[in-house]
Amino acid sequence: MKNRVEELRKQLNMSQETFAKTLRVSRQTISAIETGKYNPSLDLAFEIADFFGKRIEEVFIYERSSQNEKG
């Protein structure tokens, strides 16, 4: 799953550390989300989207791989 977390965070001139403290998670969690190494829980994903004033699908982009497509 791709996301716009880093882009949106940087638009606010916010560090990973500050953003992590705001969400009550570790900086490593934010880093892993931004690099796509970790997909947040649904609760955390909604919290992130709410923080940016966006709908969840505006922040997190699900891309189905060709292996998973039915047809």
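Atom-to-atom distance recorded for Ile56:CD1 and Asn3:CG is 11.0 Å, nearest 0.5 angstrom. To the nearest 0.5 angstrom, Phe19 atom CZ is 7.5 Å from Ile33 atom CD1. Going from atom OG1 of Thr29 over to atom CD of Gln16 covers 10.5 Å, rounded to the nearest 0.5 Å.
Shown here are the side-chain hydrogen bond (donor to acceptor under 3.5 Å, both in side chains) partners of Glu17, two or more places apart in sequence or in another chain: there are none. For Glu6, the salt bridge (charged side-chain N to carboxylate O under 4.0 Å, His left out) criterion is met by Lys10, not counting sequence neighbours. For Gln28, the side-chain hydrogen bond (donor to acceptor under 3.5 Å, both in side chains) criterion is met by no residue, not counting sequence neighbours. Residues satisfying the side chain to side chain contact (heavy atoms under 4.5 Å, CB included) test with Glu57, not counting sequence neighbours, are Arg55. Looking at residues two or more places apart in sequence or on another chain, you find a side chain to side chain contact (heavy atoms under 4.5 Å, CB included) between Lys54 and Leu8, Phe52, Glu58, Val59. Residues forming a side chain to side chain contact (heavy atoms under 4.5 Å, CB included) with Glu7 (at least two apart in sequence, or on another chain): Arg4, Gln11. Residues satisfying the side-chain hydrogen bond (donor to acceptor under 3.5 Å, both in side chains) test with Thr22, not counting sequence neighbours, are none. For Phe60, the ring-ring contact (aromatic ring centres under 6.0 Å, His included) criterion is met by no residue, not counting sequence neighbours.
Applying the salt bridge (charged side-chain N to carboxylate O under 4.0 Å, His left out) definition to pairs two or more places apart or across chains, those involving residues 22-36 are Arg9-Glu34, Arg24-Glu47.
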Side chains of residues 35-45: which donor-acceptor partners sit under 3.5 Å, not counting sequence neighbours?
| unit_1 | atom_1 | unit_2 | atom_2 | d |
| --- | --- | --- | --- | --- |
| Thr35 | OG1 | Ser31 | O | 3.0 |
| Thr35 | OG1 | Ala32 | O | 3.3 |
| Ser41 | OG | Leu44 | N | 3.1 |

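Residues Glu63 and Lys2 form a side-chain contact, since some pair of their non-hydrogen atoms from C-beta on lies under 4.5 Å apart.
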